[in-house]
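In what follows, a structure is listed as C-alpha cells, so that the remarks can point back to it.
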Amino acid sequence: MAEKITKREIDYSKWYLDIIKVAELAEHSDVKGCMVIKPYGFAIWEKIKDQLDKMFKETGHQNAYFPIFVPKSLFEAEEKNAEGFAKECAVVTHHRLMNDPENPGKLMVDPNAKLEEELVVRPTSEAIIWSTYKKWIQSYRDLPILINQWANVVRWEMRTRLFLRTAEFLWQEGHTAHATKAEAIAETEQMNGIYAKFAEEFMAMPVFQGLKTESERFAGADETYCIEAMMQDGKALQAGTSHFLGQNFAKAFDVKFADKEGKQDYVWATSWGVSTRLMGALIMTHSDDLGLVLPPALAPIHVAIVPIYKGDDQLEEIKSKLGPIISELRSNGVAVKFDDDDNKRPGWKFAEYEAKGVPVRLAIGPRDLENGKIEIARRDTQEKNVIDLSDCVKEVSRLLEEIQTNLYQKALDFREKNIQMIDSYEEFKSKIENGGFFLAHWDGTAETEELVKKETKATIRCIPFEGDKEEGVCMVTGKPSKQRVIFAKAY
RNA sequence: CGGGGUGUAGCGUAGCCCGGUUAUCGCGCGUCGUUUGGGACGACGAGGUCGCAGGUUCGAAUCCUGCCACCCCGACCA
C-alpha cells in the first residue's frame with residue numbers, strides 16, 4: 001500500500017482528508033484556508049456544474065457574470081446582509097505595489113495608491129447585482145429577470161476544511177427579480193426543488209427539503225429554503241439554499257417598476273446557490289475505507305479498463321478485441337478509460353481506480369482472451385464477475401444504472417437508521433452525542449433554539465416539508481408546537 | 001481570537017534535548033534490465049538557501065531572540 005487511508009471508525013475527519021488526498025481531488029494551497037482543486041476533483045465539479053447548468057437553463061435561466069469587487073457603499077446598502085457578512089470580508093484598499101526602498105528585491109504596498117473607496121471581495125453578489133438590476137428594471141415588461149452566475153466568492157472563515165468550508169470557493173448564485181411576491185416565492189421553491197432533485201438523482205444523496213428558522217436564515221432574506229443531507233458520521237450538511245429575499249434588496253437599491261396600472265412598486269427577489277461544498281457532500285455520503293465512491297451520474301470516468309499482458313503482441317490483441325466494445329460504450333455515452341500505461345502494473349491500477357471511485361472496472365488478460373471472457377468489477381459492492389465478452393456492453397450499462405440506484409438506496413437506508421422521533425429533552429441530550437437526526441417538537445422561539453445549541457451543539461437544520469404535521473409540545477419548554485423540526489449537529 | 005503542533009529534497013521523515021567530518025531513511029523521480037491476473041524487483045544516478053532574519057560561537061539544522069507560514073482543536077460560521 002503506497003497510500004494509507006485512515007478508517008472511518010478510527011478518525012472520521014482524518015478519513016475525509018485522506019480520501020481527498022488519495023483520490024487526488026484537492027490539496028491545501030500556500031494561502032491559508034484556500035485549496036487547489038486538482039484535475040480529477042475539478043472534473044467531478046464540472047460534471048456537477050454541467051448538470052446543474054442544464055437544469056437552470058431548462059427552467060428559463062441565463063448565465064451572466066458580475067464583478068468580483070463590490071464598492072463598500074453598495075455592499076453596506078442592505079443592512080442585514082452587510083452586517084451578516086461584514087466579519088468575514090476580504091477588502092481591497094490599494095491598487096498598486098512598489099519596490100521597497102528598504103528591502104531590495106521586495107515589494108510593498110504603495111501608500112500613494114490607496115483607493116478612495118474600499119472594494120469588498122464578494123462574499124455573495126446580491127449587492128453588486130441589485131445595483132445593476134436597478135438600471136435594467138423600469139416596467140413589469142422587464143420582469144422577470146432570471147440570471148445565474150458561476151463564480152468564486154471569498155469568505156474569510158476562521159476555520160476551514162477542504163471543500164466543506166474554504167476561504168475561497170466556487171459556486172453558482174442565481175439572482176432573480178419578479179413582479180409579484182407569489183412569483184418570487186414560486187421561484188424560490190422551484191430552485192430548492194431543483195437542488196433536491198439534483199442531489200437525489202445525480203449525487204444519489206437523499207435530502208430533506210425545508211425552511212430555515214429565523215436565526216439560521218440568510219442575512220437579508222425573508223425566508224430561506226434548504227436541502228439538508230446526512231453524512232456518514234450522522235452530522236448534517238447544508239447542501240444548498242434558496243432564499244426568498246422579499247423586497248429587501250429592491251428597497252435597499254431602490255429598484256421599482258411600473259405595473260400594468262402604472263403604479264410603482266418594489267421588485268421581489270430571490271437568490272439561490274450551491275457550492276463546491278457539494279464535493280464534500282459527495283465524498284462523505286458514499287465513500288468507504290478503500291477510497292472515493294462516485295455515483296455514475298457524476299463520475300468523470302465510468303469504466304476503467306485494465307489490460308493485462310506480456311509484450312506488445314498481447315497488448316495489440318487486447319486492443320483489437322476491445323476496440324469495437326470501447327467504441328460502442330462511448331457511443332452509448334459511457335466515459336471509458338483504457339489504461340495501457342506500461343509504467344504501472346495491473347495491481348497498482350486496480351487500487352488507483354478504486355481510490356478514485358470509478359464505478360466499474362474491466363480487466364482482461366490472456367486467460368480471458370482465450371475464453372472470450374472479461375472480468376467486470378463494481379466499486380460500490382466490490383463484487384467481481386467474469387462475463388462473456390459479448391455481454392460486456394450490456395452488462396456495463398446495467399451495472400452503471402444499478403450502482404446509481406444502489407448508492408442512493410444505501411444512503412437512504414443509512415439515513416432512516418439514524419433518524420428518530422424524540423420527545424424527551426433529556427433523552428435528546430444523551431443521544432445527540434452520537435450524531436443522527438432527531439425529529440422533535442419546538443416552540444418556535446429563538447431562545448429555545450439557542451439553549452439547545454448551547455447545551456448540545458445541535459441546531460435546527462430545517463423545518464421539513466415532508467412528514468406528518470401533527471401538533472405537539474416543545475421537548476424543551478412544553479409549549480405548543482405545530483410540527484416536528486429536524487435537530488442535528490451540523491458541519 | 002484562545003489553546004496545541006509543525007516547518008529538513010516533490011512527499012513523508014531521522015538528527016535538535018547534549019553544537020563538531022560529506023545531513024538519515026523510505027516513497028517518488030531519471031537511465032538500463034528483468035517484470036506485468038491486487039499498489040514488482042535489481043543496478044546505477046540526480047535532487048538540500050535544514051521556513052525567514054538577526055544573535056551567541058573557532059564552528060549552528062541543533063542554543064538564544066524576533067518574525068513568517070501552514071495544520072489540528074475550540075470559539076465563530078449565510
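Numbered from 1 within each chain, the chains take letters A, B, ... in sequence-line order. Note that the coordinates shown come from a computational prediction; the quantities given were computed from them, not determined experimentally.
- A/Lys457 comes within 4.0 angstrom of the backbone, heavy atoms only, and of no base.
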Determine which bases of RNA chain B form Watson-Crick or G-U wobble pairs with both distances under 3.5 Å, and write the result as a 5' to 3' dot-bracket string with | for other-strand partners.
-> (((((((..(((.......[....))).((((((.....)))))).....(((((..]....))))))))))))....
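- Applying a 4.0 Å cut-off to non-hydrogen atoms, the residues of residues 32-39 of chain A that approach RNA chain B are A/Lys32, A/Gly33, listed by residue number.
- Sorted by first then second residue, the side chain to side chain donor-acceptor pair (under 3.5 Å) pairs that include residues 75-92 of chain A, not counting sequence neighbours, number zero.
- Distance check on atom P: B/C63 versus B/U6 gives 13 Å, rounded to whole Å.
- At a threshold of 4.0 angstrom between heavy atoms, the contacts of A/Tyr491 with the nucleic acid are absent.
- Distance check on atom P: B/A9 versus B/G51 gives 8 Å, rounded to whole Å.
- Going from atom NZ of A/Lys21 over to atom C1' of B/C71 covers 12 Å, rounded to whole Å.
- For B/A75 and B/G2, the C1' atoms lie 8 Å apart once the distance is rounded to whole Å.
- For the pair A/Ile318 CD1 and B/U36 P, the computed distance is 13 Å after rounding to whole Å.
- Comparing B/G39, B/A78, B/G38 by their closest approach to the side chain of A/Glu354 singles out B/G38.
- Note: CE (A/Met158) to C1' (B/C72) measures 16 Å, nearest angstrom.
- Side-chain contact of A/Gln190 with A/Glu187: a donor-acceptor pair under 3.5 Å is present, judged by distance alone.
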Output, in order, the C-alpha distance, side-chain angles, deciding distance and verdict of side-chain hydrogen bond (donor to acceptor under 3.5 Å, both in side chains) for A/Thr224 and A/His243.
-> CA-CA 4 Å; A/Thr224 288; A/His243 315 291; 2.8 Å; yes
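- Two residues are said to be in side-chain contact when any heavy atoms from C-beta on lie closer than 4.5 Å; A/Glu126 and A/Phe85 fail this criterion.
- Residue A/Asn152 comes nearest to A/Glu168 through the heavy atom pair ND2-OE2, 2.9 Å, listed as atom of the first residue, atom of the second, then distance.
- Following rounding to the nearest Å, A/Glu78 (CD) and B/A78 (C1') show an atom-to-atom distance of 13 Å.
- The aromatic rings of A/Tyr133 and A/Trp130 sit perpendicular to each other, their planes meeting at more than 60°, with 30° as the lower class boundary.
- Between the C1' atom of B/G12 and the NZ atom of A/Lys14 lies a distance of 11 Å, rounded to the nearest Å.
- Look at the C1' atom in both B/U8 and B/A69: the space between them is 16 Å, to the nearest Å.
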Can you check salt bridge (Lys or Arg N to Asp or Glu O under 4.0 Å) on A/Lys349 and A/Glu352, steps first, answer last?
-> CA-CA 5 Å; A/Lys349 293 174 187 173; A/Glu352 178 70 5; over 6 Å; no
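- Side-chain N/O atoms of A/Arg345 include one lying less than 4.0 angstrom from OP1 or OP2 on B/A40.
- A/Pro366 comes within contact range of at least one nucleobase, with a heavy-atom separation under 4.0 Å.
- Taking every heavy atom of residues 236-253 of chain A and every atom of RNA chain B, no pair lies under 4.0 Å.
- Annotation: of the two residues near RNA chain B, A/Arg165 and A/Ser29, the 5′-most nearest-nucleotide partner is A/Ser29.
- Nucleotides B/C18 and B/G28, compared at atom P, are 38 Å apart to the nearest Å.
- B/G12 and B/C72: their P atoms are spaced 14 Å apart (whole Å).
- As rounded to whole Å, 15 Å separates atom C1' of B/C1 from atom CH2 of A/Trp156.
- At the heavy-atom level, A/Trp171 lies under 4.0 Å from base atoms of the strands shown.
- Distances from the side chain of A/Lys453 to the nucleotides B/C77, B/G38, B/G37 place B/C77 closest.
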Listing, residues 231-239 of chain A side-chain donor-acceptor contacts under 3.5 Å, not counting sequence neighbours, or none:
| from | atom 1 | to | atom 2 | distance (Å) |
| --- | --- | --- | --- | --- |
| A/Gln232 | OE1 | A/Arg8 | NH1 | 2.6 |
| A/Gln232 | NE2 | A/Met284 | O | 3.1 |
| A/Gln232 | NE2 | A/Thr285 | O | 3.3 |
| A/Gln232 | NE2 | A/Ser287 | O | 2.9 |
| A/Asp233 | OD1 | A/Lys235 | N | 3.1 |
| A/Asp233 | OD2 | A/Tyr491 | OH | 2.5 |
| A/Gln238 | OE1 | A/Lys212 | NZ | 3.1 |

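- For the pair A/Arg367 CZ and B/U36 C1', the computed distance is 13 Å after rounding to whole Å.
- A donor-acceptor pair under 3.5 Å links the side-chain atoms of A/Asn248 to the main chain of A/Gly220, judged by distance alone.
- Side-chain atoms of A/Gln51 never come within 3.5 Å of backbone atoms of A/Phe202 as a donor-acceptor pair (strictly under, hydrogens ignored).
- Under the 6.0 Å cut-off for aromatic ring centres, A/Trp45 and A/Phe163 do not qualify, their centroids lying 6.0 Å or more apart.
- A/Lys454 comes within 4.0 angstrom of no nucleic acid atom, judged by non-hydrogen atoms across all strands.
- With B/G37, B/C77, B/U36 as the choices, the nucleotide that has an atom nearest any side-chain atom of A/Asp342 turns out to be B/U36.
- Taking atom CD on A/Glu27 and atom C1' on B/G10, their separation rounds to 11 Å, with Å as the unit.
- Of the residues in residues 213-225 of chain A, those with a non-hydrogen atom less than 4.0 angstrom from any atom of RNA chain B are A/Arg217, A/Phe218, A/Ala219.
- Side chain of A/Ser29 to backbone of A/Cys34: a donor-acceptor contact under 3.5 angstrom is found.
- Atom C1' of B/G26 sits at a distance of 8 Å from the matching atom of B/U13, rounded to the whole Å.
- If you check every strand for non-hydrogen atoms under 4.0 Å, A/Gly365 touches a base.
- Under a 3.5 Å cut-off, the side chain of A/His302 and the backbone N or O of A/Ala335 do form a donor-acceptor pair.
- Figure legend: cation-pi geometry between A/Lys431 and A/Phe438 absent, as NZ or CZ is not positioned both under 6.0 Å from the six-membered ring centre and within 45° of its axis.
- With hydrogens and angles disregarded, a donor-acceptor distance shorter than 3.5 Å links the side chain of A/Gln247 to the backbone of A/Tyr266.
- Taking the six-membered ring for Trp, A/Tyr225 and A/Phe465 have ring centres closer than 6.0 Å.
- Counting any heavy atom pair closer than 4.0 Å across all strands shown, A/Asn81 reaches no nucleic acid atom.
- For A/Lys344 and B/G28, the shortest distance from a side-chain N or O to OP1 or OP2 is not below 4.0 Å.
- If you take atom C1' in B/U62 and the same atom in B/C17, they sit 9 Å apart, rounded to whole Å.
- Of the possible polar contacts, one joining the A/Arg277 side chain to the A/Leu164 backbone as a donor-acceptor pair under 3.5 Å is found.
- A/Arg161 comes within 4.0 angstrom of no nucleic acid atom, judged by non-hydrogen atoms across all strands.
- Counting only heavy atoms from C-beta on, A/Ala351 has its side chain closest to B/G39 among B/C76, B/G39, B/C72.
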